[in-house]
Amino acid sequence: MDIDAVHIVVCGRVQGVCYRNSARVRALELKLVGWVRNCPDGTVEIHAQGDRKNLDKFIEWCGKGPPAADVTGLDAVPVARAGMETFLIR
């Protein structure tokens with residue numbers, strides 16, 4: 001299995017629309033580990049790691065988000081892996 005990690009910043013109407021919880025559910029479905037959190041500037045920040053194919057699916061999902069979200073931008077950058085066991089909401 002090819003394990004990779006990515007740091008994602010999602011812009012738009014992504015806070016107050018269940019984005020973090022929905023991202024956690026989707027990440028767990030895809031067997032990814034990491035975390036998601038709201039940022040003071042209104043964005044959502046995510047660290048996700050796992051199988052490259054599942055990461056690609058997750059990044060694609062992040063570009064849409066849950067039904068109430070309105071994603072206007074997404075930046076995904078490869079990063080170093082970190083020791084994590086599950087996917088958390090911070």
Side-chain angles (χ1 to χ4, degrees):
M1 183 180 338
D2 196 15
I3 302 294
D4 289 321
V6 66
H7 180 262
I8 304 167
V9 177
V10 187
C11 303
R13 194 181 74 189
V14 293
Q15 291 189 14
V17 295
C18 295
Y19 195 100
R20 290 178 302 157
N21 188 61
S22 297
R24 181 178 183 272
V25 168
R26 185 65 181 135
L28 292 173
E29 289 172 351
L30 293 169
K31 299 182 180 2
L32 302 177
V33 297
W35 51 263
V36 58
R37 68 179 170 196
N38 285 342
C39 296
D41 64 359
T43 62
V44 169
E45 181 181 19
I46 303 166
H47 174 92
Q49 60 189 51
D51 178 74
R52 181 77 243 169
K53 290 180 183 178
N54 287 346
L55 274 176
D56 289 341
K57 290 177 186 176
F58 183 68
I59 293 166
E60 182 179 343
W61 179 91
C62 288
K64 300 171 188 160
D70 182 18
V71 176
T72 60
L74 180 139
D75 185 35
V77 178
V79 293
R81 289 179 288 170
M84 294 182 217
E85 296 181 13
T86 191
F87 199 94
L88 303 172
I89 296 174
R90 291 187 168 172

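We count residues from 1, following the sequence as given.
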Please tell me whether Ile89 and Val6 are part of a single hydrophobic cluster in this structure, the criterion being side-chain heavy atoms less than 4.5 Å apart. yes
I'd like to check Leu28 versus Phe87 (side-chain heavy atoms, cut-off strictly below 4.5 Å). Are they in contact? yes
Taking side chain as C-beta onward, heavy atoms only, is Arg90 less than 4.5 Å from Arg20? no
Could you tell me whether the side chain of Gln49 and the main chain of Ala80 form a donor-acceptor pair under 3.5 Å? no
Looking at every non-hydrogen atom in both residues, tell me the closest pair between Arg52 and Ile59 and how far apart they are. NH2-CD1, 3.9 Å
Between Val36 and Ala23 the two heavy atoms that sit nearest each other are CG2-CB, 4.4 Å
Please examine the side chains of Trp35 and Arg24, heavy atoms only from C-beta on, and report whether any two atoms are closer than 4.5 Å. no
Identify the heavy atoms of Ala48 and Leu32 that sit nearest to each other, and give their distance. CB-CD1, 4.5 Å
Identify whether Val44 and Val79 are in the same connected component of the hydrophobic contact network (ILVMFWY, side-chain heavy atoms under 4.5 Å). no
Does the distance from a Lys or Arg side-chain N to an Asp or Glu carboxylate O, for Arg26 and Glu29, drop under 4.0 Å? yes
Side-chain heavy atoms nearer than 4.5 Å, only ILVMFWY residues, links allowed to pass through others: does that put Met84 and Phe58 together? no
Within the structure provided, determine whether Leu74 and Ile8 are in side-chain contact (heavy-atom separation under 4.5 Å). yes
State which residue, out of Thr43, Ile46, Asp41, fulfils the side chain to side chain contact (heavy atoms under 4.5 Å, CB included) condition with Val9. Thr43
Looking only at heavy atoms, what is the nearest atom pair of Ala5 and His47, with distance? CB-CE1, 4.0 Å
Okay, side chain of Asn54, backbone of Leu30: is any donor-acceptor separation there less than 3.5 Å? yes
Minimum heavy-atom distance Ser22-Cys18, with the two atoms named: OG-O, 2.8 Å
Would you find a donor on one side and an acceptor on the other, under 3.5 Å apart, between the side chain of Tyr19 and the backbone of Val10? no
